[in-house]
**Q** 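Provided herewith is a single structure, encoded as structure tokens, for subsequent inquiry.
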Amino acid sequence: AQSVTQLDSQVPVFEEAPVELRCNYSSSVSVYLFWYVQYPNQGLQLLLKYLSGSTLVKGINGFEAEFNKSQTSFHLRKPSVHISDTAEYFCAVTHNSGYALNFGKGTSLLVTP
Amino acid sequence: SQTIHQWPATLVQPVGSPLSLECTVEGTSNPNLYWYRQAAGRGLQLLFYSVGIGQISSEVPQNLSASRPQDRQFILSSKKLLLSDSGFYLCAWTAQVGGTQYFGPGTRLLVL
């Protein structure tokens with residue numbers, strides 16, 4: 001079975017500063033990795049995903065993530081955040097025959113002026 | 001393009017009352033469907049998934065049940081709600097096993 005650990009429950013950051021949201025996973029098989037964003041009282045929106053190929057994945061809203069197999073990590077980064085990036089961010093993992101995603105507990109990103 | 005709908009958007013129910021939440025998907029056929037619950041500070045918990053009409057798998061034993069009466073309809077039910085059933089319920093679909101899951105807007109349930 002796979003599991004996901006999001007190391008930070010809350011990340012405060014100033015507007016236009018860079019940010020990294022950390023995600024580590026554990027799995028005995030090859031994995032697919034995802035980052036989702038959730039704005040207040042809304043569903044989850046896919047930011048980006050890693051299935052195979054290049055380990056640097058670019059997503060929407062200027063976010064990117066790097067798959068690091070040796071460190072079993074999939075950290076999310078953005079070079080310059082906006083107030084509108086304030087939201088909950090979830091990392092998730094599955095494998096190619098898995099029916100469901102295993103989610104981390106989420107990281108709350110708070111961007112202030 | 002595919003869209004996923006959930007209703008109602010919010011619901012306040014007394015303890016012991018029944019529950020029915022509905023999820024429908026448009027623009028695709030034979031999707032895999034999922035129900036998740038999101039409780040405050042606890043991330044997302046998979047409740048049920050379905051790979052076809054009438055096929056339901058339960059991940060967590062509880063007083064909730066799910067049904068899939070039509071290909072693109074997924075219903076979450078309870079005969080008697082508990083206080084602990086409060087939360088944000090999310091439906092999701094995917095075109096294939098291991099594929100990207102797309103989420104609906106969610107239903108916020110408050111049990112009093």
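Just so it is clear: chains get the letters A, B, ... in the order the sequence lines come, proteins before strands, and each one is counted from 1.
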**Q** Give me the contact list for residues 103-112 of chain B versus chain A, heavy atoms only, anything under 4.5 Å, ordered by residue number.
**A** B:F103, B:G104, B:P105, B:R108

**Q** Mind checking whether B:F88 and A:Q42 have side chains closer than 4.5 Å, heavy atoms only?
**A**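 They are not in contact (no side-chain heavy atoms under 4.5 Å apart), so the answer is no.
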
**Q** Linking I/L/V/M/F/W/Y whenever any side-chain heavy atoms sit under 4.5 Å apart, do B:I4 and A:L44 land together?
**A**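 No.
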
**Q** Which of the residues A:S108, A:G106, A:G43 is involved in the greatest number of heavy-atom pairs with chain B at under 4.5 angstrom?
**A** A:G43

**Q** B:Q45 versus chain A, heavy atoms under 4.5 Å apart: side chain, backbone, both or neither?
**A**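 No part of it gets close to chain A.
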
**Q** How far does CG of A:L101 sit from CG of B:L46, to the nearest 0.5 angstrom?
**A** 9.0 Å

**Q** Tell me, for A:L46 versus chain B, whether the close heavy atoms (under 4.5 Å) come from the side chain, the backbone, both or neither.
**A** side chain

**Q** State yes or no: do A:F74 and A:V31 share one hydrophobic cluster built from I, L, V, M, F, W and Y residues joined by side-chain heavy-atom distances below 4.5 Å, directly or via other members?
**A**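 Same cluster.
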
**Q** State yes or no: do B:W35 and B:L33 share one hydrophobic cluster built from I, L, V, M, F, W and Y residues joined by side-chain heavy-atom distances below 4.5 Å, directly or via other members?
**A**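 Looking at the clustering, B:L33 is in the same group as B:W35.
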
**Q** Hydrophobic clusters here meaning ILVMFWY residues chained together by side-chain heavy-atom distances under 4.5 Å, can you tell me if B:L11 and B:L83 are in one?
**A** yes

**Q** For residues A:L47 and A:V13: do they belong to one hydrophobic cluster (side chain heavy atoms under 4.5 Å, members Ile, Leu, Val, Met, Phe, Trp, Tyr)?
**A** yes

**Q** Taking salt bridge (Lys or Arg N to Asp or Glu O under 4.0 Å) as the cut-off, I'd like each qualifying pair that reaches into residues 17-37 of chain B, sequence neighbours left out, listed once.
**A** B:R37-B:D85

**Q** Counting only non-hydrogen atoms closer than 4.5 Å, does A:Q45 touch chain B with its backbone (N, CA, C, O), its side chain (CB onward), both, or neither?
**A**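 Neither part.
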
**Q** About how many Å separate OG1 of B:T10 and CG of A:N41, when rounded to the nearest 0.5 Å?
**A**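 Atom-to-atom, A:N41:CG and B:T10:OG1 are 9.5 Å apart.
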
**Q** List the steps and the verdict of side-chain contact (heavy atoms from CB on, under 4.5 Å) for A:F90 and B:Q38.
**A** CA-CA 12 Å; A:F90 291 94; B:Q38 186 177 24; 3.1 Å; yes

**Q** Nearest 0.5 angstrom please: A:F34 CZ to B:T100 OG1, how far?
**A** 4.5 Å

**Q** Spell out, as yes or no, whether a donor-acceptor pair under 3.5 Å connects the side chain of A:Y36 to the backbone of B:Q101.
**A**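 Flag set: sc A:Y36 to bb B:Q101 pair under 3.5 Å.
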
